[in-house]
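Heads up: the structure comes next, in structure tokens.
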Number of protein chains: 2
Amino acid sequence: MISKTCGYAIRGVIFLALENNINKRIGIQEIAEELKVPQQFMGKILQELVRKDILKSTKGPHGGFYVNDSILDLSLIRIVEAIDGLGVLKKCFLGREECSSENPCPMHDEFEVCRSSIFETFQSKNIRYFVEHIEDGTTFLAT
Amino acid sequence: MISKTCGYAIRGVIFLALENNINKRIGIQEIAEELKVPQQFMGKILQELVRKDILKSTKGPHGGFYVNDSILDLSLIRIVEAIDGLGVLKKCFLGREECSSENPCPMHDEFEVCRSSIFETFQSKNIRYFVEHIEDGTTFLAT
DNA sequence: AGAATAAAAGACCCTTATATCTTTATATTT
DNA sequence: AAATATAAAGATATAAGGGTCTTTTATTCT
Ligand code: FES
Ligand code: FES
């Protein structure tokens with residue numbers, strides 16, 4: 001559905017939003033350890049998000065990645081867009097060249113329900129929503 | 001969700017199972033043209049399905065791939081199992097090592113609904129079901 | 001039997017996803 | 001100013017997925 005890279009990105013952003021205590025930077029090492037993801041690979045992904053203006057970072061001692069408060073209002077779809085592109089949510093389930101309701105494949109109707117509910121969540125829920133669920137212990141970022 | 005390869009496999013099997021095709025050999029060239037998929041690649045996939053006893057084939061003139069009536073009772077999950085393995089339907093949406101309801105990631109609950117509905121369809125619907133929908137023109141195999 | 005046909009089989013290639021390593025630039029501390 | 005710590009940037013590595021090509025084998029037709 002979405003790439004593994006994109007899943008890492010989403011978890012990374014939520015993690016940073018969670019720890020967001022006024023300009024607190026978090027090193028890539030800590031992030032990777034907390035989320036149980038490959039450190040260097042996570043570094044590259046977060047760099048990409050910095051380039052796309054979703055995160056900030058500073059070099060040097062006590063440097064690291066961070067976000068400002070506005071991150072809480074960001075909808076998840078922006079992260080998917082930055083990493084995978086929106087096309088990832090428009091592909092035919094059975095690998096046909098096109099996906100359309102006018103010329104649906106055998107799985108289209110069923111898949112469309114799932115896909116649009118996921119899309120709707122990505123679009124309507126912001127980072128704040130996910131942060132709250134982590135904070136009250138109903139969901140978790142690491143396995 | 002499932003691989004492109006697996007989508008091709010499903011479409012190939014349904015194509016071979018269409019009423020007027022049962023017990024008739026169909027060359028890989030015709031199959032590939034009808035479904036608009038790469039011929040040689042489709043050949044490899046169908047060969048794999050022959051090895052897994054889902055299809056039959058014969059070489060030589062008028063040879064090709066074919067199925068017998070029993071294919072109509074096969075549930076789609078068997079094809080997914082043969083090509084991708086059942087694990088493909090158990091991965092965490094956000095790329096964590098494990099997916100579980102006890103320790104759910106932020107997208108787990110929502111994704112679980114989708115995934116289990118897809119899984120349920122794969123398991124409960126047989127090829128006959130899909131063939132009927134193709135035959136009455138409500139769904140289509142090729143774009 | 002020999003020629004023609006068509007899939008099987010396996011080697012090979014390209015692209016993308018995933019991951020790591022090395023070098024460079026920058027900020028902080030001394 | 002020099003040393004040090006740390007992330008950025010970019011090159012490289014690895015694996016998997018997706019796809020092509022060539023040779024072999026089996027079947028049918030003449
Ligand atoms: S046509 Fe296949 S999922 Fe839409
Ligand atoms: S834990 Fe992420 S989808 Fe189940």
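The chains referred to below are lettered A, B, ... by the order of the sequence lines, with proteins before strands, and numbering in each begins at 1.
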- Message: At a heavy-atom distance below 4.0 Å, what parts of residues 11-32 of chain B sit against DNA chain C?
- Response: B/Gly27, B/Ile28

- Item | Contact summary for A/Thr138 and B/Pro104, nearest pair of heavy atoms | O-CG, 3.4 Å

- Item | Check: B/Arg11 side chain, B/Leu141 main-chain N or O, donor-acceptor pair, under 3.5 Å | yes

- Query: Closest to the B/Pro61 side chain: D/dG19, C/dA8, D/dT28?
  - Reply: D/dT28

- Query: Where is the tightest heavy-atom contact between B/Ile79 and B/Leu74, given as atom of each residue plus distance?
  - Reply: CG1-CD2, 4.1 Å

- Item | Presence of B/Thr58 side-chain N/O under 4.0 Å of C/dA7 phosphate oxygens OP1/OP2 | no

- Message: Among C/dT28, C/dT26, D/dG18, which nucleotide has an atom closest to any side-chain atom of A/His62?
- Response: C/dT28

- Query: How would you label the contact of A/Gly64 with the nucleic acid (heavy atoms, under 4.0 Å): base, sugar-phosphate, or nothing?
  - Reply: sugar-phosphate

- Query: Side chain of A/Pro38: nearest nucleotide among C/dA19, C/dA8, D/dA7?
  - Reply: C/dA19

- Message: Once you apply a heavy-atom cut-off of 4.0 Å, does A/Tyr8 come out as touching a base, just sugar-phosphate, or nothing?
- Response: sugar-phosphate

- Note on the structure: To the nearest angstrom, the NZ-C1' distance between A/Lys56 and D/dA7 comes to 16 Å

- Item | Distance, rounded to the nearest Å, where B/Lys4 contributes NZ and C/dA17 contributes P | 11 Å

- Message: So, OP1 or OP2 of C/dT18: does either fall under 4.0 Å of a side-chain N or O from A/Thr5?
- Response: yes

- Query: Is A/Phe130 close to B/Met107 at the side-chain level, that is, under 4.5 Å between some pair of heavy atoms?
  - Reply: yes

- Item | d(NZ, B/Lys59; P, D/dT28) in whole Å | 13 Å

- Message: The test is side-chain contact (heavy atoms from CB on, under 4.5 Å); show your working for B/Val50 and B/Phe65 and say whether it passes.
- Response: CA-CA 9 Å; B/Val50 169; B/Phe65 295 91; 3.9 Å; yes

- Might you point out which heavy atoms bring B/Lys52 and B/Ala82 nearest each other, and give the distance in Å? NZ-O, 3.0 Å

- Task: Locate the shortest heavy-atom distance separating B/Asn103 from A/Ala142; write the atom from each residue and the value.
- Result: ND2-O, 3.5 Å

- Spacing of B/Ile45 atom CD1 relative to D/dG18 atom C1', expressed in whole Å: 9 Å

- So which nucleotide from D/dA7, C/dA19, C/dA8 ends up closest to the side chain of A/Phe65? D/dA7

- Query: Counting only non-hydrogen atoms, which of residues 90-98 of chain A are less than 4.0 Å from DNA chain D?
  - Reply: none

- Please state how far atom CD1 in A/Ile2 lies from atom P in C/dA17, giving the value in whole angstrom units. 13 Å

- Task: Indicate the atoms forming the closest heavy-atom contact of B/Arg115 with B/Leu89, along with that distance.
- Result: CD-O, 2.8 Å

- Taking atom P of D/dA7 as reference, at what distance in whole Å does atom CE of A/Met42 sit? 13 Å

- Of D/dA8, D/dG18, D/dA11, the nucleotide closest to the side chain of A/Lys44 is D/dA11

- A/Gln40, nearest nucleotide to its side chain (from D/dT22, C/dA6, C/dT20): C/dT20

- Item | Nucleotide C/dC21, atom C1' - distance to CZ of A/Phe41 in whole Å | 15 Å

- Is a donor on one side and an acceptor on the other found under 3.5 Å between the side chain of A/Asp84 and the backbone of A/Ser3? yes

- Query: What orientation do B/Phe93 and A/Phe122 show, parallel under 30°, tilted 30 to 60°, or perpendicular over 60°?
  - Reply: tilted

- Task: To the nearest Å, give me how far apart CD (A/Gln39) and C1' (C/dC21) are.
- Result: 12 Å

